[in-house]
Novice: 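Let me give you the structure first, and then I'll get to my questions.
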Amino acid sequence: MSPAFKLWTDEYFLNLNIPENSTVFLETVKKESRQQKTMDMNFKKFVKTYMNSTYYMVDNVPEYLKSDLVVPCSLQCESIMAGKLDDILMWFSSGGTNSVVHHDGFDNINCVYRGSKDFIIVDPVKYKDMVPIDRPEGAYSSIDVDKMDYTKYPTLAKIEYIHAHMEPGDCLYIPYKWIHQVRSYNSNLAVNIWWDHYLSLDVDPSQCNEKCDANMTLHGVKTNQYNRIPTGGEPLRAYIRDETLKSNKMLPYDEFLSELIPVIAQAEGDDSVKVQLDQMKELANKFLKVLDQDGDKHVSIQDVTSVSSENMSVVGEIIKQVQQIQLTLGEEYADKKHGGYGGDEEDEDEEDDDDDDVLWFPDAFDEDGELLNGFDLDEDLNDEFDEFDEYHDEL
């Protein structure tokens, strides 16, 4: 259905009328190493040389190619296209690539346009902790995928492995955090779409296309590369349970906030953002009171499970205001490395994404630390919070 399936030949790429300075991000070895050297290269130069090199393009699909890609039929929902996609990646090589064992913090559809791929997949619910993800900072394993050692890792011999062989025209859904490893063969080109697992929990399927629209392409679709906490009631409950508390049955307030909104701890002591930080702390105290059902100064799995849907929505509204304030702190505190919601920290030697990819709010505070017009916190909602404080104190 996608024009790319027929159009995307090397000759087509070389004849494109694109800016001369259009570059793509490359890995330089085919057996994935998270410590390998990476580089940028002019796209057309890459197309001319990749078949005789170990270069492997792993980058966002360039804007000038997105119109060739039809949105997968199962994702043709207006609400998903409006801010729930996280990345649209292009994987382009001469084949022979070999990934680490890993999982992704997104739901994923991978489509092959050229060459073939083998996916080995493990259900993380059924085989929890039996695959050693010993590099949690990058959600991957240090296992040598060419020398599987069942003596060193005996649990690997007890796992059911799902094998998916993909040919051109095949698409594969890889569920959120399912463990997988990938190999590619021959001149190889694939596109995968990541979308936010939690933000998508409240998608209304009745608002999606009943019939697949072949004219609905990825042209102009923006991705939310700086993933933030979902603020809808039930998706937020799932996020706090799975991503913030994780395996902890309960966390004291300070540790819970450090997991959920790390910028509050990271900005402590920075006088230049003291006014905003105090605002965020005040809002955080409000939603902690809502979540802490038994008033023991801890947030527990039991608290999060038992809090009503209405009160979880109140928490979401407060977090929206915290997010709005965080966006005024500037790049230092708004990117992934300094507490961007939901993302792993980047290695210090990795280059930051271009600022053009991020929509920054203008500074919302004047020289005296007062909120400017347009950034007033919702007075009616604050009144409701005050009433809730009084109610909670009475309880």
Side-chain angles (χ1 to χ4, degrees), residues 10 23-41 43 45-61 87-106 108-122 124 127 130-157 159 161-168 170 172 174 177-192 194 344-351:
D10 291 352
T23 61
V24 292
F25 180 81
L26 306 181
E27 296 183 357
T28 56
V29 296
K30 292 188 177 183
K31 184 173 181 178
E32 183 181 7
S33 166
R34 298 290 173 93
Q35 289 76 45
Q36 68 173 287
K37 179 183 177 182
T38 59
M39 62 187 296
D40 292 316
M41 181 181 287
F43 178 60
K45 181 178 179 181
F46 166 74
V47 174
K48 290 177 181 177
T49 60
Y50 79 97
M51 285 300 294
N52 298 308
S53 74
T54 60
Y55 295 152
Y56 184 15
M57 174 183 168
V58 183
D59 202 353
N60 296 310
V61 175
D87 253 332
I88 305 167
L89 292 178
M90 187 168 171
W91 308 77
F92 190 5
S93 74
S94 59
T97 63
N98 200 351
S99 81
V100 294
V101 175
H102 67 287
H103 62 72
D104 300 312
F106 310 95
N108 180 7
I109 284 183
N110 188 296
C111 296
V112 175
Y113 289 85
R114 189 193 302 180
S116 61
K117 285 184 180 291
D118 281 320
F119 278 77
I120 305 296
I121 307 171
V122 174
Y127 299 103
M130 294 180 73
V131 179
I133 302 295
D134 53 1
R135 299 299 300 270
E137 73 283 357
Y140 70 98
S141 174
S142 57
I143 294 170
D144 186 339
V145 295
D146 291 328
K147 298 177 181 178
M148 291 289 283
D149 188 338
Y150 285 176
T151 302
K152 185 176 181 180
Y153 304 106
T155 55
L156 295 179
I159 290 172
Y161 295 94
I162 301 167
H163 175 212
H165 178 73
M166 299 177 68
E167 294 287 340
D170 289 338
L172 178 69
I174 306 163
K177 286 198 172 179
W178 277 46
I179 299 163
H180 55 285
Q181 192 265 338
V182 193
R183 297 174 188 266
S184 70
Y185 309 96
N186 305 315
S187 175
N188 202 277
L189 205 167
V191 171
N192 83 280
W194 280 334
D344 293 323
E345 291 188 356
E346 298 178 57
D347 293 334
E348 290 183 3
D349 58 353
E350 289 184 4
E351 293 184 6

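Bear in mind the structure is a predicted one, so any value in this text is a computation, not a measurement. These numbers come from the heavy atoms of this one structure, side chains and all, not from hydrogens, waters or symmetry mates.
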Novice: Distance-only, no hydrogens or angles: does the E32 side chain make a donor-acceptor pair with backbone N or O of V100 under 3.5 Å?
Specialist: yes
Novice: Please lay out, stage by stage, how N60 and L89 fare under the test side-chain contact (heavy atoms from CB on, under 4.5 Å).
Specialist: CA-CA 4 Å; N60 296 310; L89 292 178; 3.5 Å; yes
Novice: Hey, which of M90, M41, E27 is the one that makes side chain to side chain contact (heavy atoms under 4.5 Å, CB included) with M57?
Specialist: M90
Novice: Tell me whether Q36 contacts the main-chain N or O of T28 through its side chain, where contact means a donor paired with an acceptor under 3.5 Å.
Specialist: yes
Novice: Is it true that, when you exclude Y55 itself, more than 12 heavy atoms of the residues, nucleotides or ligands shown sit nearer than 6.0 Å to its OH?
Specialist: no
Novice: Judged by atom type as modelled, is there a donor-acceptor pair below 3.5 Å linking the side chain of N192 to the main-chain atoms of N110?
Specialist: no
Novice: Counting only N and O atoms by type, is there a donor-acceptor contact under 3.5 Å from the side chain of T155 to the main-chain atoms of M130?
Specialist: yes
Novice: Between Q181 and N98, is any side-chain donor less than 3.5 angstrom from a side-chain acceptor?
Specialist: yes
Novice: List the steps and the verdict of side-chain contact (heavy atoms from CB on, under 4.5 Å) for F92 and L26.
Specialist: CA-CA 9 Å; F92 190 5; L26 306 181; over 6 Å; no
Novice: Hey, would you say the H103 and H180 ring centroids sit under 6.0 Å apart?
Specialist: no
Novice: Below 4.5 Å, heavy atoms only, C-beta onward: do V131 and I159 meet side chain to side chain?
Specialist: yes
Novice: Return the set of residues passing side chain to side chain contact (heavy atoms under 4.5 Å, CB included) with S141 (not counting sequence neighbours), or none when no residue passes.
Specialist: V101, P132, I133, D134, I143
Novice: I need the T23 OG1 to D59 CG distance, nearest 0.5 Å.
Specialist: 7.5 Å
Novice: Return the set of residues passing side chain to side chain contact (heavy atoms under 4.5 Å, CB included) with S94 (not counting sequence neighbours), or none when no residue passes.
Specialist: K30, Y50, M51
Novice: Working to the nearest 0.5 Å, report the span between OH of Y113 and OG of S187.
Specialist: 15.0 Å
Novice: With under 30° as parallel and over 60° as perpendicular, where do the rings of W194 and F106 fit, or are they tilted in between?
Specialist: parallel
Novice: Would you call N108 and W178 a side-chain contact if the rule is heavy atoms closer than 4.5 Å?
Specialist: no
Novice: Does the side-chain contact (heavy atoms from CB on, under 4.5 Å) test come out yes or no for D144 and K31, once each step is laid out?
Specialist: CA-CA 10 Å; D144 186 339; K31 184 173 181 178; 2.8 Å; yes
Novice: Nearest heavy-atom pair of H102 and Y140: which atoms, and what distance?
Specialist: CB-CB, 3.8 Å
Novice: So which heavy atom on Y56 is nearest to which on W91, and how close?
Specialist: OH-CE3, 3.3 Å
Novice: Measure the spacing between CD of E167 and OH of Y185 and express it to the nearest 0.5 Å.
Specialist: 10.5 Å
Novice: Considering non-hydrogen atoms only, spot the tightest contact between H165 and D170 and give its length.
Specialist: O-OD2, 4.1 Å
Novice: Check N188, N186, D10 against R114 for a side chain to side chain donor-acceptor pair (under 3.5 Å) and give me the one that passes.
Specialist: D10
Novice: Atom CG in L172, atom CZ in F119: separation rounded to 0.5 Å?
Specialist: 5.5 Å
Novice: Looking only at heavy atoms, what is the nearest atom pair of G105 and K177, with distance?
Specialist: CA-CG, 4.5 Å
Novice: Quick test of your reading: applying salt bridge (Lys or Arg N to Asp or Glu O under 4.0 Å), list the pairs with at least one residue in residues 181-191, sequence neighbours left out, ordered by first then second residue.
Specialist: D146-R183
